[in-house]
2 protein chains.
Amino acid sequence: MAEAELKISTKGEYASRAMLELSLRHKEGSLHIKAISAAQDIPERFLEQILLQLKRAGYLRSRKGPHGGYALAKPPEMISVAEVVRVMDGPLAPIDCVSVTAHQVCPHEDACGLKGLWKETRDAVAAIMERTTFADLAKRTLAARAKFAASKGRGFRRTARPSGA
Amino acid sequence: MAEAELKISTKGEYASRAMLELSLRHKEGSLHIKAISAAQDIPERFLEQILLQLKRAGYLRSRKGPHGGYALAKPPEMISVAEVVRVMDGPLAPIDCVSVTAHQVCPHEDACGLKGLWKETRDAVAAIMERTTFADLAKRTLAARAKFAASKGRGFRRTARPSGA
DNA sequence: CATGTAGTCGACTCTGTCAATCGACTTTGT
DNA sequence: ACAAAGTCGATTGACAGAGTCGACTACATG
């Protein structure tokens, strides 16, 4: 028995985290894979191919050579989580006969009273992810961190970041 | 690339279909595996083990010998889809750090602004499945079938033939 | 009480997907 | 031109999901 039937692939998760990191540090210009990998704890080599995919899909732009790296291709408020997840894992549907992007005829048509239910859940999830942008996530994250820092007591240094500068 | 990041296992799907069939024909007393398998087009041998699991979890009762078979252990309006799916696939969470039944500390705590979002989607899905009972599904199915029959009933079958008579 | 019917159980296979890694190539800055 | 950084695609290893099998046990009826 698995542990979840509602599953976001780690790839989708990593992609989201990477995009979030990029959104948080949007001002800094481009970030190297290493920086993102370290900040979000994602295997560097794996992240590499994720960023690549995201770039091909038009969400990121990259620069080679020294001082290169990745950056968002559009402002964070223009990118929804749904888009990113879809790039990584494909269309979202709880079961094939309900997908908006990849339907196929369900052999049970009339017999399948479940179809409506699956569609309902799909729509609910899609709606949430569709309306949440990375700007939203960044805002929430900042808020959460501030709260965290405050509750942890003054004088505490915050999360150690492998920052240069 | 997969085709869905929101996935109900076929086991969960089959279990739901079986329960639906049992609900639809609740009046008939118990049904044999064969009948359910045929009606819902589920591999007999596979269905067998699914029903078994459902029985162990207390949703079905069975009778051996001739005239045996499976039947619901409680009325359809007392069983939610969420329960059944959970029996088959375990707790539902888009990612481990959000599961209500199987949490584990997320190593990114503060850094993870995504957590809230995953939780949101989980709750949305859970809410839908929790409030939908098999009585609901049976009703919907009957309605869908009636509609289907009506539209099929009048008129003639579509003629793809170049020249009719 | 014999016997076929039906259910129970656990182990097993097979396939596909997912996560992750490598090696080599290309581009860019100095 | 050389090194640093990014790009690419192929490969791999592990594990979960889907479906199968064989044998065992219980029951109901002739």
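Computed from a predicted structure; not experimentally measured. Chain letters run A, B, ... following the sequence lines, proteins first, then strands; residues in each count from 1.
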Out of [options], which nucleotide sits closest to the side chain of [X]?
X	options	value
A:Phe46	C:dC9, D:dA18, C:dT21	C:dT21
B:Tyr14	C:dG10, D:dG19, C:dA20	D:dG19
B:Thr10	D:dC8, D:dA18, C:dT21	D:dA18
A:Glu48	D:dC8, D:dA18, C:dA20	D:dC8
B:Arg45	D:dG19, C:dC9, C:dT21	C:dC9

Using the test side chain to side chain donor-acceptor pair (under 3.5 Å), find all partners of B:Ser80 that sit at least two apart in sequence or belong to another chain.
B:Glu83
For B:Gln49, the side chain to side chain donor-acceptor pair (under 3.5 Å) test, sequence neighbours excluded, returns none
Can you check each nucleotide of nucleotides 25-30 of chain D against protein heavy atoms at under 4.0 Å and return B for base, S for sugar-phosphate only, - for none, in 5' to 3' order?
-SBS--
Sequence neighbours excluded - ring pair (Phe, Tyr, Trp, His ring centres under 6.0 Å) pairs with any residue from residues 35-62 of chain B
B:Tyr14-B:Phe46
Check the surroundings of atom NZ in B:Lys34: do more than 12 heavy atoms from other residues, nucleotides or ligands lie under 6.0 Å from it?
no
Pairs satisfying salt bridge (charged side-chain N to carboxylate O under 4.0 Å, His left out), at least one member in residues 48-63 of chain B, at least two apart
B:Arg45-B:Glu48
Enumerate the residue pairs fulfilling salt bridge (charged side-chain N to carboxylate O under 4.0 Å, His left out) with a member in residues 129-141 of chain B, sequence neighbours excluded, ordered by first and then second residue.
A:Glu120-B:Arg131, A:Glu120-B:Arg140, B:Arg86-B:Glu130
Has B:His32 got a side-chain N or O lying under 4.0 Å from the OP1 or OP2 atom of C:dA6?
yes
Check whether any side-chain nitrogen or oxygen of A:Ser9 sits under 4.0 Å from OP1 or OP2 of C:dT17, and answer yes or no.
no
Could you pull out the protein-nucleic contacts involving nucleotides 10-15 of chain D (nitrogen or oxygen on both sides, under 3.5 Å)?
none

B:Ile8 versus B:Met129: any side-chain heavy-atom pair under 4.5 Å?
yes
Taken in chain and number order and not counting sequence neighbours, the residues that satisfy side-chain contact (heavy atoms from CB on, under 4.5 Å) with A:Ser37 are A:Glu44, A:Leu47
side-chain contact (heavy atoms from CB on, under 4.5 Å) against A:Ala135, all qualifying residues, sequence neighbours excluded:
A:Pro76, A:Glu77, A:Thr133
Axial bend angle, the helix from C:dC1-D:dG30 to C:dT30-D:dA1: five-pair end segments, nearest 10°:
10°
